[in-house]
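What's counted below: heavy atoms across the whole structure, side chains too, no hydrogens, waters or symmetry copies.
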Amino acid sequence: MAILSTGYTQEKGTVEHLGNINKLITVNRSISLETEKESGYIRVSEAKGEGLVWLPIEHFTTGTIQVELRGKDVFQQSFIGIAFSGQNNETYEAVYCRPFNFLAKDSVRRIHAVQYIAHPEYTWKRLREERNGVFEKEIKNPPNPSDWFTMTLKITENQVVVIINNSADPSLTVTRIHPNQKGKIGLYTGDSSGGDFRNLVYTHN
């Protein structure tokens, strides 16, 4: 069950390295360990409101976070990503995808495929109203919305670059609203959404 690395070398760790899944801190969600074709992953339950699963990584500042995710192609029911610079359950930055928008025929929906937020002040709604098109973008050559895909976050003191499926071209590049903030890393799911996560790897710069 490779979900987490334990150092700077990007070597994938296992759930055993975390001690016990019960040591993961869940917020408004439950989690389970699942297996598919001999590949393990964490499944996060669906629920109203946003959900977090904090990993035992508390002092991440800048570096790279990569994870494999799987949502579903159901309108307004799949919001999956990574939270970082977590100060508490309400204050954190996150980048997440809306798989149900990946292949939407409506071009407006497609530009809402990948999103940056900085809670609690800067929700997706506020960012869309005040700076439309800056903190969310379309994914060129998007993944199948019901399949596993890879999301890589390259985080500097002032910027986040989001790469989907190891593309040469970033899907989203934003200036961080809370620059150079140290904090926790977690799995993120939005309102009414669950999701599947595996092979999370991180490195510090």
Side-chain angles (χ1 to χ4, degrees), residues 26-29 44-54 60 65-67 69-140 142-143 145-146 149-156 158-165 167 170-181 183-197 200:
T26 60
V27 181
N28 194 35
R29 291 294 189 273
V44 179
S45 68
E46 298 178 357
K48 289 292 185 181
E50 291 166 315
L52 294 161
V53 180
W54 292 120
F60 180 87
I65 306 170
Q66 184 177 83
V67 66
L69 314 94
R70 181 172 61 183
K72 61 182 182 179
D73 192 10
V74 179
F75 184 63
Q76 300 288 37
Q77 292 187 34
S78 191
F79 310 89
I80 51 174
I82 292 293
F84 56 96
S85 70
Q87 308 302 299
N88 50 52
N89 295 339
E90 289 76 39
T91 305
Y92 54 88
E93 296 169 87
V95 172
Y96 65 91
C97 291
R98 302 179 177 98
F100 56 85
N101 284 337
F102 285 177
L103 301 175
K105 294 181 180 179
D106 183 349
S107 61
V108 174
R109 280 182 54 190
R110 288 200 305 273
I111 65 173
H112 300 158
V114 57
Q115 172 87 51
Y116 166 90
I117 54 176
H119 281 190
E121 300 94 343
Y122 292 92
T123 63
W124 68 266
K125 184 176 182 181
R126 177 176 176 179
L127 292 173
R128 188 177 295 176
E129 289 174 349
E130 296 182 0
R131 301 178 67 182
N132 187 38
V134 175
F135 293 97
E136 56 185 333
K137 297 288 184 181
E138 179 178 358
I139 298 173
K140 303 298 183 182
S146 300
F149 66 95
T150 300
M151 182 172 72
T152 304
L153 307 184
K154 296 184 177 181
I155 302 167
T156 68
N158 298 298
Q159 189 179 69
V160 180
V161 177
V162 185
I163 297 169
I164 301 298
N165 279 348
S167 172
S171 294
L172 179 67
T173 301
V174 300
T175 299
R176 296 176 66 180
I177 292 174
H178 299 307
N180 199 31
Q181 184 164 267
K184 299 183 288 185
I185 294 175
L187 313 178
Y188 172 90
T189 51
D191 183 32
S192 300
S193 174
D196 299 333
F197 299 81
L200 189 148

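His119 has its side chain out of reach of Thr91: every pair of non-hydrogen atoms, C-beta onward, lies at least 4.5 Å apart. Side-chain contact between Ile111 and Glu138 is present, with at least one heavy-atom pair separated by less than 4.5 Å. The shortest side-chain heavy-atom distance between Met151 and Leu69 falls under the 4.5 Å cut-off. Side-chain contact between Ile80 and Pro99 is present, with heavy atoms from C-beta onward closer than 4.5 Å.
Of the inter-residue distances, the one linking Ile177 atom CD1 with Tyr116 atom OH reads 4.5 Å to the nearest 0.5 angstrom. With rounding to the nearest 0.5 Å, the separation of CZ in Phe84 from OH in Tyr92 is 11.5 Å. Of the inter-residue distances, the one linking Gln66 atom CD with Ile163 atom CD1 reads 9.0 Å to the nearest 0.5 angstrom. Of the inter-residue distances, the one linking Ile139 atom CD1 with Cys97 atom SG reads 4.5 Å to the nearest 0.5 angstrom.
Ionic pairing of Arg29 and Glu46 is not present here: no N-O contact between side-chain nitrogen and carboxylate oxygen is shorter than 4.0 angstrom. The pair Glu93-Arg176 counts as a salt bridge, with a side-chain nitrogen and a carboxylate oxygen less than 4.0 angstrom apart.
Residues Tyr122 and Phe135 place their aromatic rings such that the two centres sit no closer than 6.0 Å. Ring-centre distance between Tyr188 and Phe197: not below the 6.0 Å cut-off.
In summary, of the residues considered (Glu136, Glu129, Gln115), a side-chain contact (heavy atoms from CB on, under 4.5 Å) with Trp124 occurs for Gln115 alone. Remark: of the listed residues Ile82, Val160, Ile65, Val160 is the sole one forming a side-chain contact (heavy atoms from CB on, under 4.5 Å) with Val95.
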- Message: Could you go through Phe149 and Phe102, starting from their C-alpha distance and side-chain angles, then the distance that decides it, and tell me whether this counts as ring pair (Phe, Tyr, Trp, His ring centres under 6.0 Å)?
- Response: CA-CA 12 Å; Phe149 66 95; Phe102 285 177; 5.5 Å; yes

